[in-house]
Amino acid sequence: MNNDLNKNKIFAAILIALLLGLISSLIAGHMIQPKYLKKNVYVVNIAETPSKDVPSEPEVKQDIMTLLDTADPEKGKAIVKKCVQCHSLEKGGPNRIGPNLWGVVGRTGGEHPGFNFSKAAEKMEEVWSFKHLYDYLENPRKFMPGTKMSFIGLKKPKDRANLIAYLRTLSDNPIPLK
């Protein structure tokens, strides 16, 4: 019995200490109000020089058909590993977080049996052409605002072309390049 009483005293002491800490924090927050300056005390002057990392001219969009001429499906097969976390690739494979990608090149956007697309994807009536896939894979949320796809995109044009070249092979009748 005495042992239970000691445990209760220890628990009560810890509880009171936590409550005192919380109350002290709240009181201190009301007592001390920071005053923000209206202008900076010290101004740092930085010369406007172009950075080495930032190109001086805007990047020219490369034509997907030109890139596909030299694209390597085997390199795309390595890149597709980023996709298989959410998509299956095999013919007749299941939908996962994203739809199965078998036959995606040439498929009408927002259409795949058994997959619940976002409203943005359902509105897409175009076919997933090489150009559409190339633009989408660069930045899915910019290409299709409202998409459920959380993938940030592939920034390198060659990586997108290699991936599309591989996705093209996932079909019984791959779409011709020309």
Side-chain angles (χ1 to χ4, degrees), residues 22 25 29 34 36 40 44 46-178:
L22 176 65
S25 173
Y36 297 101
N40 290 334
V44 178
I46 300 174
E48 292 291 326
T49 57
S51 172
K52 293 178 183 177
D53 297 336
V54 178
S56 56
E57 297 177 14
E59 187 178 321
V60 177
K61 283 258 188 183
Q62 293 180 295
D63 177 51
I64 181 59
M65 296 314 291
T66 304
L67 288 168
L68 281 174
D69 286 340
T70 58
D72 184 355
E74 285 302 311
K75 288 182 180 175
K77 191 174 186 177
I79 296 168
V80 84
K81 290 177 183 174
K82 295 178 181 183
C83 306
V84 296
Q85 296 173 15
C86 299
H87 300 274
S88 64
L89 304 175
E90 62 276 357
K91 182 177 182 178
N95 293 319
R96 295 187 182 156
I97 294 172
N100 177 287
L101 294 180
W102 179 269
V104 70
V105 180
R107 182 191 304 160
T108 302
E111 290 183 6
H112 186 68
F115 188 75
N116 185 21
F117 286 92
S118 65
K119 299 287 184 209
E122 286 176 356
K123 290 179 185 175
M124 182 180 171
E125 296 175 357
E126 296 89 9
V127 168
W128 281 113
S129 66
F130 298 124
K131 173 85 171 101
H132 280 103
L133 283 167
Y134 180 75
D135 293 341
Y136 182 76
L137 290 170
E138 180 179 14
N139 187 338
R141 292 190 181 268
K142 183 178 177 185
F143 179 85
M144 187 183 294
T147 183
K148 289 193 269 184
M149 187 156 147
S150 62
F151 181 63
I152 194 166
L154 296 170
K155 300 306 171 208
K156 294 180 182 174
K158 197 65 178 164
D159 286 349
R160 292 194 304 272
N162 289 335
L163 177 59
I164 293 167
Y166 176 71
L167 290 174
R168 178 183 162 269
T169 67
L170 301 178
S171 173
D172 291 328
N173 299 308
I175 294 177
L177 292 173
K178 305 252 177 194

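What you see is a predicted model; the values in this text were computed from it and never measured.
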Run the side chain to side chain contact (heavy atoms under 4.5 Å, CB included) check on Ser150 and Arg141 step by step: do they pass?
CA-CA 8 Å; Ser150 62; Arg141 292 190 181 268; 3.8 Å; yes
So does Val84 get a backbone contact from the side chain of Arg96, meaning a donor-acceptor N/O pair under 3.5 Å?
yes
Looking at every heavy atom in both Ala120 and Pro145, which two are closest together, and how far apart are they?
CB-O, 3.2 Å
Whether the side chain of Lys155 engages the backbone of Glu138 through a donor-acceptor N/O pair (distance < 3.5 Å, no angle test) should be reported.
yes
Asp72 vs Lys158, test: salt bridge (Lys or Arg N to Asp or Glu O under 4.0 Å). Steps then yes/no.
CA-CA 9 Å; Asp72 184 355; Lys158 197 65 178 164; over 6 Å; no
For the student: nearest non-hydrogen atoms of Tyr134 and Leu67, plus distance:
OH-CD1, 3.4 Å
Output for pair (Asp159 CG, Lys75 NZ), nearest 0.5 Å, gives 9.0 Å
Taking Ser129 for the side chain and His132 for the main chain, is one N or O donor matched with an acceptor at less than 3.5 Å?
yes
Which residues share a salt bridge (Lys or Arg N to Asp or Glu O under 4.0 Å) with Asp69, sequence neighbours left out:
Lys178
Taken to the nearest 0.5 Å, the spacing of Lys77 NZ from Asn162 CG works out to 14.0 Å
Sidechain-backbone polar pair: Asn139 side chain, Leu154 backbone, donor-acceptor under 3.5 Å:
no
Nearest atoms (heavy-atom pairs only) where Leu163 meets Cys83:
CD2-SG, 4.2 Å
Give the intermediate values and the outcome of side chain to side chain contact (heavy atoms under 4.5 Å, CB included) for residues Leu133 and Val105.
CA-CA 8 Å; Leu133 283 167; Val105 180; 3.6 Å; yes
What are the two closest non-hydrogen atoms of Ala161 and Ala71, and how far apart are they?
O-CB, 3.6 Å
If you measure from CG on Leu68 to CD1 on Ile164, what distance do you get to the nearest 0.5 Å?
6.0 Å
Any salt bridge between Lys131 and Asp63, counting N to O under 4.0 Å?
no
Any sub-3.5 Å donor-acceptor pair from Arg168's side-chain atoms to Pro174's backbone N or O?
no
Short question: side chain of Thr147, backbone of Met144 - any donor-acceptor pair under 3.5 Å?
no
Donor-acceptor check, side chain of Ser88 to backbone of Pro94, threshold 3.5 angstrom: yes or no?
yes
Approximate separation, where rounding is to 0.5 Å, of Lys91 NZ and Ser171 OG
8.5 Å
Value for CG (Leu89) from CG (Leu167), rounded to nearest 0.5 Å, stands at 7.5 Å
For the CG atom on Leu22, are there more than 12 heavy atoms of other groups (residues, nucleotides or ligands in this structure) within a distance under 6.0 Å?
yes
Determine which pairs satisfy ring-ring contact (aromatic ring centres under 6.0 Å, His included) with at least one residue from residues 75-125, sequence neighbours left out, and list them in order.
Phe115-Phe117
CH2 on Trp128 to CZ on Arg107, rounded to 0.5 Å:
10.0 Å
Around Glu126, counting heavy atoms of other residues, nucleotides and ligands shown, do more than 12 lie under 6.0 Å from its CD?
yes
Any donor-acceptor N/O pair, Lys148 side chain to Asn116 backbone, under 3.5 Å:
yes
